[in-house]
Number of protein chains: 2
Amino acid sequence: MGLSKTEAFSELHVELAELAKAMGHPARVAIVEFLVNHNACVCGDIVEELPLSQSTVSQHLKALKQIGLIDGEIDGPSVCYCINKEKWASMQSKFQSFFSNILENNNCC
Amino acid sequence: MGLSKTEAFSELHVELAELAKAMGHPARVAIVEFLVNHNACVCGDIVEELPLSQSTVSQHLKALKQIGLIDGEIDGPSVCYCINKEKWASMQSKFQSFFSNILENNNCC
DNA sequence: AACTTTAATCGTGATATTACGATTAATAAG
DNA sequence: CTTATTAATCGTAATATCACGATTAAAGTT
């Protein structure tokens with residue numbers, strides 16, 4: 001169906017999946033990296049850097065913003081996009097736990 | 001297009017995105033968790049646990065196997081799926097670096 | 001007020017994903 | 001050899017994603 005049965009899974013699993021999905025495209029990974037490594041954070045700067053059209057970049061920014069990984073602040077006619085540190089810290093800690101659980105408690109047959 | 005322009009991005013970004021994408025569905029998160037927390041690892045056991053059909057679970061298992069996060073070993077008519085610890089350790093370290101870079105080097109305007 | 005710049009949104013098309021039932025292939029059991 | 005069990009694959013349908021150009025909206029500039 002293309003519609004995942006999210007209601008059938010635990011909240012944690014759904015949240016982890018949503019966060020992972022948000023990073024599940026190289027363009028979004030690249031956008032985040034760009035925001036971190038450059039002081040620039042204006043949409044236009046990202047469009048220049050990436051091999052994607054303005055509307056496509058805007059869509060990816062929207063996805064990242066929707067889940068809370070970045071914030072967007074209007075600055076004149078431009079928009080300054082910034083990393084939401086709290087959200088990233090929370091994401092890191094959640095995946096940390098998940099990874100640790102896997103690496104520590106796994107005992108396959 | 002639904003076809004991501006992977007060739008236009010760095011290998012690291014593509015790899016991170018692929019790994020994230022693999023975890024970008026609650027069913028796959030749940031499958032991994034199940035494999036870790038139960039000694040059972042047979043496909044049928046997972047099907048019983050999840051609210052999904054056998055064919056759908058098989059598809060998710062295939063996706064996880066394809067990227068190397070789990071291994072599948074034939075055991076009679078059944079198949080025993082196991083966590084690939086090396087792959088998970090590598091994934092953890094890659095995301096670790098990514099998260100750390102974000103939390104340390106970010107300085108928004 | 002008219003114009004420019006910037007980014008969001010709209011409309012659209014192509015491809016991917018998710019899901020299921022049905023079928024098939026492989027192994028074990030009788 | 002026949003039958004049962006298990007899981008992969010096939011076929012199909014519905015929905016989502018990705019991408020782009022065109023348009024719109026909002027804010028500055030002249």
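Rounded to a whole Å, the CZ atom of A:Arg28 is 9 Å from the P atom of D:dA19. Following rounding to the nearest Å, A:Ile67 (CD1) and D:dT17 (P) show an atom-to-atom distance of 11 Å. The distance from atom CG of A:Leu50 to atom C1' of D:dC20 is 15 Å, rounded to the nearest whole Å. Atom C1' of nucleotide C:dC10 and atom NZ of A:Lys62 are separated by 10 Å, given to the nearest angstrom. As a whole-Å value, the separation of B:Lys65 NZ from D:dA7 C1' is 11 Å. In this structure, CG of A:Leu61 is placed 14 Å from C1' of C:dT9, rounded to the nearest angstrom. D:dA27 atom C1' lies 15 Å from atom CD of A:Glu73, rounded to whole Å.
Side-chain contact annotation: A:Ser97 with A:Ser100, donor-acceptor N/O pair under 3.5 Å absent. Side-chain contact check for B:Lys62 and B:Ser58: no donor-acceptor pair (N or O, by modelled atom type) lies under 3.5 Å.
Closest to the side chain of A:Ser78, out of C:dT6, C:dC20, D:dA19, is C:dT6. In this structure, the nucleotide among C:dT5, D:dT6, D:dA19 sitting nearest to the side chain of A:Pro77 is C:dT5. When the nucleotides C:dA19, D:dT9, C:dT6 are ranked by their closest atom to the side chain of B:His25, C:dA19 comes out on top. Comparing C:dT9, C:dG21, D:dT6 against the side chain of B:Ser53 picks out C:dG21 as the nearest. For A:Val79, the listed nucleotide lying nearest its side chain is C:dA7; candidates were D:dA7, C:dA7, C:dA19.
Judged by distance alone, with hydrogens and angles left aside, B:Gln59 brings no side-chain donor or acceptor close enough to the base of D:dA8 to form a pair under 3.5 Å. One N or O donor and one acceptor, one from the side chain of A:Ser55 and one from the base of D:dG21, sit under 3.5 Å apart.
Scanning all heavy atoms of the two residues, the minimum distance from A:Trp88 to A:Leu69 falls at NE1-O, 3.0 Å.
Residue B:Gln96 places its CD atom among more than 12 non-hydrogen atoms of other residues, nucleotides or ligands, all under 6.0 Å distant. Shown here is A:Ile74, whose CD1 atom has no more than 12 heavy atoms of other residues, nucleotides or ligands within 6.0 Å.
Heavy-atom nearest nucleotides on DNA chain C were determined for A:Gln54 and for B:Asp75, and the one closer to the 5' end corresponds to A:Gln54. Each of B:Cys43 and A:Gly76 has a nearest nucleotide on DNA chain D; the 5'-most of these lies closest to B:Cys43.
No engagement by A:Val47 is indicated, since no non-hydrogen atom pair under 4.0 Å with the nucleic acid exists. A:Val57 comes within 4.0 angstrom of nothing in the nucleic acid, heavy atoms only. Across all strands shown, B:Lys21 has heavy atoms under 4.0 Å from sugar-phosphate atoms exclusively, and none from any base. Nucleic acid contact class of A:Leu52 (heavy atoms, under 4.0 Å, all strands): sugar-phosphate only.
Distances shown here put every side-chain N or O of A:Thr56 at or beyond 4.0 Å from the OP1 or OP2 atom of D:dA19. Taking only side-chain nitrogens and oxygens, B:His60 comes nearer than 4.0 Å to OP1 or OP2 of C:dA19.
B:Cys82-B:Cys41 SG separation is not under 2.5 Å; the pair is not scored as a disulfide.
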